[in-house]
Each structure stands twice: as C-alpha cells, then as structure tokens.
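Down below is the structure, laid out as structure tokens.
For the single chain, residues carry numbers from 1 onward in sequence order. All ligand and atom numbering here is 1-based and tracks the order in the structure. Quick note: numbers below take in every heavy atom, side chains included, and nothing from hydrogens, waters or symmetry partners. Only a predicted model underlies this, so the values are computations on that prediction, with no experimental measurement involved.
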Amino acid sequence: MRILSVFGTRPEAVKMAPVVQELKRMPGVESFVCVTAQHREMLDQVLTLFDIQPDVDLDLMRADQSLAELSARIFQDLDPVLTDLKPDWVLVQGDTTTVAITSLLAYYRRIRVGHVEAGLRTHDKWQPFPEEINRRVAGVAADLHFAPTEWARHNLLREGVPDSAIALTGNPVIDALQVVAKQPQPESVAQIIRQLGIGGSGGGGPVPSMGRGSPGSSTGQRLIMVTAHRRENFGQPLENICAALKELAERGDVEIVYPVHLNPNVQEPVKRLLGNVQHVTLLPPLDYLPMVHLIRRSTLVLTDSGGIQEEAPAFGIPVLVLRAVTERPEGVKAGVLKLVGTDTRLIVRTANRLLDNAGAYAKMAKAVNPFGDGQAAGRIVRSLLNFH
Ligand code: UD1
C-alpha cells in the first residue's frame, strides 16, 4: 500500500510526525511525505526534531501571501506529485489551507483521503476563519475519518458520515507530546527561567498540580505563556489582547513570555504595543521542544492556538482561550480551559483571579487528557490498513 502524507504548517507536522514514524515501521507500506511548506522556518525545525525527511518539498511559502494565492499554488504544484506517485491514500491532518486543498485535489484524482483530527467543529463558519470551512471541506472529501474524541465522532455522525468510515483514535498530539516531554529541558529554556527569575520548578502557581513537578515557590516571578495568531483576531481583537497583557504585566509579579508568530499581521501590532513593556518578553517563534518545556513551567497559558489547548491540559496548566468559541469543548468541560475571548477587561479580570485566588487556581490546575492517551498513531495506521 502506498501512502502519501501531505502537510504544510508547524502544528500539522507535530501531529503527523508520530503517524509518519508509525507508517515507516509498518511492513507492506510504502510511505511518502510531501510538505507544501506553507510555513517554512516554523515547519523545518519540527521535521528535524522528529527526523523526517520529506520526499517532496513544494516550498510554497511567500511573504504575506493571500489564501487564494496559496490555494492556487497548492493546486498547481501538488497535482503532478499525485499523478507521479499514484498513492492509494493521501493523509492530511487538521484544518489548514494545505488540508482543504489537498483533500479536494486527491478527490479530483480519485485517490482515497484519510483525515487525521477529523470532526472538530465550532458550527460557526467564521470562527476560526478559515479553519472551520477547511476542516469541513476535508471532511466531505475524506473516505476515512480519524476522530480524536467521542465528541468529534458525534459531529461526523450528525453530518451523515457512516460509522464504518470513522475510527476513534485519540489525537496524535499527545503521542508527540509524550516523546518530547521526556527529553531534557533545553538550555535555552533554563536560561529564560533564570533570567526572568521564574520561581520553583513547577512554574510558581499558587497551588501544585499533577504533571508539573514540585509546587512553585512563592518568592519567584510567575510565568505566563502567550501565543496569539488567529486570522479572526487580526486587528482590534489582537490589540485588545495586547492591552490586556500590558495591564497584567503591571502587576509586577508575573513575567509574560510571548513567542510571536511570523505572520506580519501579528508581528506589527504586537511589536508596536508590547515591544517595550516591562515584564513582557517577546521571542521569535519557538521550536517545539522549548515550547513544550516552557508551557510546563508556566503558571498560566493565554492562547488562541488549537494545539496548545490540547497540550497545556496534559500538564495541568490552566489555559485562558482568547477566542469566542472553541472546537475543543472537552477541555472546557474538564475544567482546565476557560473561554475568555478578546475583551481586555475580561482577560485581565479572569487572569488576576487565577493569580490571586489559590482556590480558583486549584480548580483549573489539574492534569487531564481528554484528547488522547499517546497511542493514536498506532490506531490510525491500523485502521487505515484494515479499511475496505
Ligand atoms: C496557518 C494556518 C492555521 C494554523 C497556523 C499555525 C491556514 C489558513 N492557517 O496560519 O490554521 O493554526 O498556520 O501556525 O492554513 N510566515 C513566515 N514564516 C513561517 C510561517 C509563516 O514568514 O514559517 C508568514 C508568511 O508571511 C506567511 C504568513 O506568515 O505568508 C501567513 O502564514 P499562513 O500559513 O498563511 O497562515 P498562518 O497565520 O501561519
């Protein structure tokens, strides 16, 4: 069986890495990897970390390209790869433009599509934009859907996908996380922790929690990790987020660390509004390994990312989600994610409460893993091979 995995951005690479490794080990499988490189710098470090050498690299990233330009390039440059390699299956992951266009193209070429992390929905076509429609497009084209959770499986069933075309697998993000969390803390992280005077080995939260090591010291600074890059937050919402961070920094007892996504629509406002603020450290995008270790050392995470909503709960780190809706309600239900949107006042109030009230913090700081058990890649590959 010939299987072509296609991905383009950093988070897709993280979640596909365990699957690609599993395919490599499987006798009777010819596994190929094609990267669109929708992200360039941010993708390459994940490929290196997981020792994946793409067979085809389309190198499609251009500075500040539109979704239409990117889509057109994927259609044009990926099509000959499909006709040359003639795979039996194309595997895609998640909800980026790479995923939507690749699944449509595979359909045009009558190649079967497997969709990893299928069935996530907000049921609002504009949030997240354009991911909600991207993943629905992939869902329509897919022959086999790898649902990470029961809730995702239900979404697919409600849309009329037959049960026999859905495999409940867990999310391979937890497989990847387990591998990376076992590696020693990189020196770059130790340096940040030292320089900023972050307290305790568990991040300095008011209350110890499972998975983070020992309780935080009450003397050191507390670390707040931030990421924000979603398209629907460009403009005023992102400015509101920055205003909230500035206000939180004025407390003086926290250190806000924000690795800034390379998208120019993120870089410009964040550097303008937070470039020179005491207790705020802006970093270039971090490699996956240091990112995971910094999350682990945090007291609190503020993010609009999808993957971090899955990763931080695994360490019992409370997450404030900077979005109006989430396609990951499992974390909200488990009590470790809280939706705060992009309202400056609400972000500041909620964060302050968690920082000042040990009881409120303890309620959120529990290690839960609603998204997987670290065995997803094996299940995905087995159900693919057994599918008729
Ligand atoms: C994309 C995905 C989003 C995912 C995110 C993860 C789409 C529509 N969006 O958003 O779902 O959550 O990746 O990070 O597919 N850039 C660089 N270097 C890089 C990466 C990006 O310079 O390594 C710049 C480029 O100018 C690029 C711009 O960022 O044009 C936007 O990148 P793009 O992939 O279109 O969207 P993201 O905002 O990264």
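Residues passing the side chain to side chain contact (heavy atoms under 4.5 Å, CB included) test with P186, sequence neighbours excluded: S188, V189, L289, P290, H293. For H279, the ring pair (Phe, Tyr, Trp, His ring centres under 6.0 Å) criterion is met by no residue, not counting sequence neighbours.
In summary, E117 and K15 engage in a salt bridge, as defined by a charged side-chain N under 4.0 Å from a carboxylate O.
Around atom CG of N276, no more than 12 heavy atoms belonging to other residues, nucleotides or ligands sit under 6.0 Å away. Within 6.0 Å of NZ in K24 there are more than 12 heavy atoms belonging to other residues, nucleotides or ligands.
Cluster note: F32 groups with L4, V6, V56, L58, L60, L70, I74, F75, L78, V81, L82, L85, V90, V92, V99, I101, L104, L105, Y107, Y108, I111, V113 through ILVMFWY side-chain heavy atoms spaced under 4.5 Å, whether in direct contact or through intervening members.
Ordered by chain and residue number, the residues placing a heavy atom less than 4.0 Å from ligand 1 are T9, P11, Q38, H39, R40, E41, M42, M61, R62, A63, D64, Q65, L67, T96, T97, P130, E131, H229, R230, R231, H261, L262, N263, P264.
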